[in-house]
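Here the structure is a predicted model, which means the values were calculated and not measured.
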Amino acid sequence: MPRTLSITVALLALIGAPPVTRAAPPPTLPALPEPQRPSQTLGESLRMAPTAAANGTQLLLNGRSQQASWRWEGGDPRQPLALWLPLEVLEGQLGFSRASRADGSLALEWFGRELVVAPADQRSLADEVAVDVARILREAGVVAERRGEVLDLRLPAPRLLQVRSSDQPGHRRVVLDLDGPTLVRSSEGGVQLGLLGRSDQLALLGARGLRSGSTGTELSLAAPGRAAPMRVFTLGGPDRVVIDLPPDGGSAGTAPTQPAPIDPRLLSLLGPQLRWDQQVRSVGGSTVRINSVSLDPRNSPLELRTLSRPDGVVGLSSLADLAMRQDALVAINGGYFNRVRRLPLGALRDQSRWLSGPILDRGVVAWEPRSLPRFGRLRLEEWISDERGRRWPLLTLNSGYVQRGLSRYTAEWGRAYQALSASETGLVLAAGRVLRRLSSEELTAGVRLQPEQILVVARGGAELPWSEGERLRLESRPSDPLGNASNVMGGGPLLLQNGRIVLNGSAEGFGAAFLRQGAPRTVVGSDGTRLWLVTLEGAGGGAGPTLDETARLLQQMGLVDALNLDGGSSTGLVMGGSHRVKGRGVAGSVNNGLGLVPIGGTGGSSSLSPMSRRLAD
């Protein structure tokens, strides 16, 4: 029997849960080729000759330890030829800024140093998207050393030369002038920098609207109160850190940042109505820390809701932001997404409206208000036909999963659509007729998505053999009644169904490496009487459970149905506004989530056009 340590919710509510150790693997099935790239890139030149390589899972950043996958190429342990780090580490722990280009390239910038990474030079590292940053780190003076499983990155703390501020439209901007680059670690509402600053400079920061605290070589800055998270980025020539504050941020003094308190509405529900437990269990020779929240949705003042962005499904937000926007007292991260392009990769249906369609017959959870969820696998089968009886399949709906053939997009995607692959063509439907045809150039530049209209996109040489004014008919039906439910969230693989382990990752399009690896996990499930929201992480520095270990642990806990959601560094749990579980220690951005929202509250999502609603129904 596994050894189980149960910690009561009352104690957890009074103390801050320790930082915990997010991810979104793209489907491992064929996708369209990207546009032609330059003849040779930095990554290609480094790979022209075979080199020694080492991989690890521990990272030291100026002495601060965290779990993160990395890859070192080159035989010298102090001078890498290539050094691959996850984007989440680069953005959240070092301060990199990034932008995605239409051809799938990434444009990275750090203290004025730029790096453009072509799609072929982005690689999967465990369950993360990683890029080679050896050159840009070396140019900035970062000292790198590998010791077994540990990668040690050090950058001497620069001096804070000057503090400047100005009022910008909609926010206040604070600029820190430095005499060199530094590591910039972002957290919810705050930032930590390796920096040497004087007491008078700290007082000046407080006068500019920032709480500040210093340990001598590290400066912590935070916005006052419960203000929106700050935007933080770097500039070069000279080196600067720029912090954008909410417009109402007043003088904040020098008090250190305190953990966010738990919403008293949640505290009043904890107990038999809403159970919050933490356990430590053993499986397969490893130890797993489990956080679980459960309730009976049939007799609860809270209801399960999808959490999504108000401006469409394109883009990422922090889980805490998604929860706050829809007043969710409890929230976990949701389904998969393309981290580079920030696009959804799975089913998302809210209040009978498809925001994004399912892919690859992957596992889903479906539910009605005040009822237990149901679990299974799901496809959305759609066709477009003309008056001559010809019929073509539509492969995806509002999805970042790119395939050869026809796909459709609606205003739920966002304000505009921009081509996701080379040489796309399209047409716009309105009231069942072709309103206009769109060239590849128009789609590359981007087209507005209007309510009452449907955009049909052709990829990989697929044809759109219809002229303006022709009448077309759209048909849509789910492969399973689950797709008719008011709410659907996709993930995968499906782990448990009717008490049995039904894990079949290859059938759902997941690669062998993803199925074997250990990682933090997020799960939604049911024990037949209660809904469960669960996170699982490796205890004692472990990577986390494999999918098979996750299924066995959930079965031990009494669950009969369970669906794996996005995991790795995406894994997160927000309780009453407090981010209690952060995948791999970093509160990573996610595309969507699941939340427990007070019944009759203001939580909601963007409206759907009547035409899209008719198609969905």
Side-chain angles (χ1 to χ4, degrees), residues 21 23 40-96 98 106 108 110-111 113-118 120-158 180-185 192-195 217-218 234 239 286 513 516-519 538 540-544 568-569 584-586:
T21 84
Q40 188 181 80
T41 65
L42 173 65
E44 287 175 319
S45 64
L46 291 174
R47 291 194 294 272
M48 289 177 67
T51 60
N55 296 276
T57 57
Q58 291 296 122
L59 184 62
L60 284 177
L61 295 171
N62 278 350
R64 183 193 296 272
S65 178
Q66 81 163 70
Q67 187 182 39
S69 297
W70 52 267
R71 179 177 174 83
W72 178 297
E73 294 183 4
D76 188 341
R78 291 180 175 82
Q79 186 68 41
L81 295 178
L83 180 58
W84 301 83
L85 291 177
L87 289 175
E88 197 63 41
V89 170
L90 297 176
E91 292 182 281
Q93 304 292 303
L94 277 71
F96 276 63
R98 67 103 176 261
L106 279 173
L108 301 176
W110 192 50
F111 287 102
R113 297 164 178 85
E114 297 182 348
L115 179 67
V116 177
V117 188
D121 294 328
Q122 303 161 25
R123 71 184 304 161
S124 176
L125 196 61
D127 50 11
E128 303 286 349
V129 177
V131 297
D132 173 19
V133 290
R135 177 183 62 80
I136 199 170
L137 294 184
R138 183 168 57 248
E139 290 177 354
V142 175
V143 176
E145 183 179 358
R146 61 175 172 86
R147 300 188 299 274
E149 286 281 308
V150 178
L151 172 62
D152 189 357
L153 299 179
R154 300 184 302 277
L155 183 62
T182 185
L183 304 184
V184 182
R185 181 174 184 264
Q192 296 80 44
L193 309 98
L195 199 60
T217 59
E218 184 173 88
T234 67
D239 293 321
S286 60
R516 290 192 306 266
Q517 72 183 22
S569 56
R584 301 198 173 115
V586 180

| Mind checking what makes side chain to side chain contact (heavy atoms under 4.5 Å, CB included) contact with Val143, not counting sequence neighbours? | Arg154
| task | Mind listing the closest non-hydrogen atom pair of Ala134 and Pro80 along with its distance? | result | CB-O, 4.2 Å
| Results of side-chain hydrogen bond (donor to acceptor under 3.5 Å, both in side chains) for Arg147 - residues two or more places apart only | Asp152
| task | First locate atom CG of Asp121, then atom CH2 of Trp84, and finally report the distance between them rounded to the nearest 0.5 Å. | result | 6.0 Å
| task | For the residue pair Pro158 and Leu195, establish whether any side-chain heavy-atom pair is separated by less than 4.5 Å. | result | yes
| query | Who are the salt bridge (charged side-chain N to carboxylate O under 4.0 Å, His left out) partners of Asp239, not counting sequence neighbours? | reply | none
| request: For Glu149, enumerate each residue passing the side-chain hydrogen bond (donor to acceptor under 3.5 Å, both in side chains) test, keeping only those at least two apart in sequence or located in another chain. | output: Thr57
| task | Evaluate side-chain contact (heavy atoms from CB on, under 4.5 Å) for Asn62 paired with Thr217, printing each intermediate quantity in order. | result | CA-CA 10 Å; Asn62 278 350; Thr217 59; over 6 Å; no
| Non-hydrogen atoms of Arg146 and Gly74 that approach each other most closely | NH2-O, 3.4 Å
| Qualifying residues under side-chain hydrogen bond (donor to acceptor under 3.5 Å, both in side chains), relative to Thr234, sequence neighbours excluded | none
| What is the minimum heavy-atom distance between Ser69 and Pro86, and which atoms define it? | O-CD, 3.2 Å
| task | Any chance you could measure Leu59, atom CG, to Arg584, atom CZ, to the nearest 0.5 Å? | result | 12.0 Å
| query | Which atom pair, heavy atoms only, marks the closest approach of Ala543 to Gly518? | reply | CB-O, 3.7 Å
| query | Listed by chain and number, what are the side chain to side chain contact (heavy atoms under 4.5 Å, CB included) partners of Arg185, not counting sequence neighbours? | reply | Arg64, Gln93, Gln192
| message | I'd like to check the ring pair (Phe, Tyr, Trp, His ring centres under 6.0 Å) partners of Phe96; sequence neighbours left out, ordered by chain and number. | response | Trp110
| said: Using side-chain contact (heavy atoms from CB on, under 4.5 Å), reason through Leu83 and Leu153 one step at a time and then give a plain yes or no. | reply: CA-CA 11 Å; Leu83 180 58; Leu153 299 179; 4.2 Å; yes
| remark: Sequence neighbours excluded, the answer for ring pair (Phe, Tyr, Trp, His ring centres under 6.0 Å) partners of Trp72 is none
| Listed by chain and number, what are the side chain to side chain contact (heavy atoms under 4.5 Å, CB included) partners of Glu91, not counting sequence neighbours? | Leu87, Arg98, Arg342
| message | Going by side chain to side chain contact (heavy atoms under 4.5 Å, CB included), name the residues that satisfy it together with Gln122, two or more places apart in sequence or in a different chain. | response | Leu106, Val117, Val129, Val131, Val340
| request: Answer whether the closest heavy-atom distance between the side chains of Gln66 and Val89 falls below 4.5 Å. | output: yes
| note | With sequence neighbours left out, the residues meeting side-chain hydrogen bond (donor to acceptor under 3.5 Å, both in side chains) with Arg113 are none
| said: For a quick test of reading the model, state the closest non-hydrogen atom pair linking Val133 to Leu90 and the distance between them. | reply: CG1-CD1, 3.7 Å
| request: Can you measure from OG1 (Thr182) to CG (Leu94) and round to the nearest 0.5 angstrom? | output: 9.5 Å
